[in-house]
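For ligands, and for the atoms within them, numbers begin at 1 and follow the listed sequence.
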Amino acid sequence: MRQYIIGNWKMNGTKAEAQKLATTFVKRVTEASRPLPHIVLCPSYPYLTTVAEILKESSLEVGAQDCHPEHRGAFTGDVSAFQLKDVGCSYVIVGHSERRHLHHESNGLIRRKLEAAIKVELRPILCLGESAEEREQGKTFQAISNQLTSDLPLEFTPQDLIIAYEPLWAIGTGITPAPGEVEDIMGFIKHELSVRVTGGALVPILYGGSVTSLNAPTLLNLPHLDGLLVGGASLKLDEFWEIISASSR
Ligand code: 13P
């Protein structure tokens, strides 16, 4: 499977910085002499249209960082999946741990967001992963299985979504699981999906959490890994390009 390298810019940057990153990546992708992975940039809401406009004629795509489950209505401050699609997004991150914890998002809400995105053909990137406490108690696999059960829509096809395994203790900490551990969890998620939906092993599974240009080559060589969801390092031009360039397929 062609890999995915997705940059989650979170609540960072200015319009000028967003323009510079997007313009430079388009130039580098256009000049690249070898096949590249799928590249998706996820700026914050105010910069979506600016970035979408710059990426329009390129192979790069735009994603948002969250969506509301309703199509439209009296939801001050919210943005619907339909609206994101309307301004040129192809992807939306759903259930990021920063939303689950800082905004107290429930599994039920996350499932509704996934359904809303799939309905308008906006491909959701469902984030899940265990906490440090669950890991210490040896409950990693159970925690992931529970999240899959409660978050996944009742009906979906493998092409509808992407899953990003992001262990909470690895996000922004500089600590990453051992490659063998990541590989085991990727294999576990693929197995869990294949028993839940026909062709479930075809759902792309990414890893996220303290990815850098140093650990990316090893991670991207893992047989079960379909790509990376990158936070901080995706805001650094050369660092992110190195991560993209480390993609092996
Ligand atoms: P960092 O790469 O900064 O650890 O963030 C990971 C993340 O949350 C991506 O969604």
Side-chain angles (χ1 to χ4, degrees), residues 3-13 17-18 21 25 37-45 47-48 51 60-67 84 89-103 105 110 113-114 117 122-132 134-135 140 143-144 147 151 161-179 181-182 185-186 189 203-220 222 225-247:
Q3 292 181 320
Y4 290 80
I5 306 291
I6 303 181
N8 176 8
W9 293 355
K10 306 194 181 183
M11 197 176 71
N12 288 300
E17 284 163 350
L21 283 170
F25 290 133
H38 297 278
I39 304 166
V40 182
L41 306 180
C42 303
S44 30
Y45 287 140
Y47 310 135
L48 283 173
V51 172
L60 287 96
E61 294 175 285
V62 189
Q65 300 174 16
D66 184 41
C67 68
L84 296 171
C89 292
S90 306
Y91 297 84
V92 60
I93 297 171
V94 172
H96 192 283
S97 64
E98 285 149 18
R99 304 247 12 130
R100 289 182 194 259
H101 295 100
L102 302 174
H103 292 264
E105 292 196 357
I110 289 163
K113 290 183 179 196
L114 288 173
L122 183 67
R123 199 173 187 191
I125 302 152
L126 169 65
C127 298
L128 45 79
E130 81 287 1
S131 64
E134 286 166 330
R135 183 171 192 248
T140 296
I144 292 170
Q147 279 174 318
D151 294 348
L161 54 91
I162 290 178
I163 291 186
Y165 166 61
E166 297 208 312
L168 271 59
W169 50 272
I171 297 175
T173 59
I175 306 167
T176 52
E181 213 174 317
V182 175
I185 292 169
M186 299 282 134
I189 297 174
V203 175
I205 318 286
L206 320 185
Y207 167 78
S210 297
V211 172
T212 65
S213 58
L214 294 180
N215 55 31
T218 308
L219 289 164
L220 288 165
L222 296 173
L225 190 118
D226 300 314
L228 298 168
L229 180 55
V230 187
S234 70
L235 291 153
K236 300 175 193 153
L237 231 161
D238 291 327
E239 173 86 0
F240 193 53
W241 186 250
E242 264 194 66
I243 294 171
I244 292 167
S245 306
S247 171

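Contact between Ala233 and ligand 1 is absent, with no heavy atom of the residue lying under 4.0 Å from the ligand. For the ligand labelled ligand 1, residue Gly208 lies outside the 4.0 Å heavy-atom shell.
The aromatic rings of Tyr4 and Tyr91 sit perpendicular, their planes meeting at an angle over 60°, well past the 30° parallel limit.
Once rounded to the nearest 0.5 Å, the distance linking CG of Leu222 with CD1 of Ile205 reads 13.5 Å. Note that CG of Leu219 is 12.0 Å distant from OG of Ser247, once rounded to the nearest 0.5 Å.
Counting atoms of ligand 1 from 1 in the listed order, those under 4.0 Å from a heavy atom of Asn8 are 9 (C), 10 (O). Of all atoms in ligand 1, listed by their number and element, those nearer than 4.0 Å to a heavy atom of His96 are 7 (C), 8 (O), 9 (C), 10 (O). Near Gly209, meaning under 4.0 Å from any of its heavy atoms, are these atoms of ligand 1: 4 (O), 6 (C).
Compare Gly172, Cys42, Gly174, Gly231 by their heavy atoms: the one nearest to atom 4 (O) of ligand 1 is in Gly172.
Considering backbone and side-chain N/O of Thr173, none are found under 3.5 Å from N/O of ligand 1. Between Leu229 and ligand 1, no N or O atom pair is found at a separation short of 3.5 Å.
Here Glu61 does not pair with Arg123 in a salt bridge; the nearest charged N to carboxylate O distance is not below 4.0 Å. Salt-bridge annotation for Glu105 and Arg100: absent, with no side-chain N of the basic residue lying under 4.0 Å from a carboxylate O of the acidic one.
The side-chain heavy atoms of Leu41 and Val62, taken from C-beta on, include no pair separated by under 4.5 Å. Taking 4.5 Å as the limit, some side-chain heavy atom of Glu98 sits within range of a side-chain heavy atom of Lys10.
Residue contacts with ligand 1 for Ile171 involve both N, CA, C or O and side-chain atoms from C-beta outward (heavy atoms, distance under 4.0 Å).
Nearest non-hydrogen protein atom to atom 3 (O) of ligand 1 is Gly232 N, 2.9 Å. In terms of protein heavy atoms, atom 9 (C) of ligand 1 is closest to Glu166 OE2, 2.9 Å. Looking only at protein heavy atoms, the nearest one to atom 5 (O) of ligand 1 is Lys10 NZ, 3.3 Å.
Within the structure, side chain to side chain donor-acceptor pair (under 3.5 Å) contacts touching residues 163-176 (residues at least two apart or in different chains) are His96-Glu166, Glu130-Tyr165, Glu130-Trp169.
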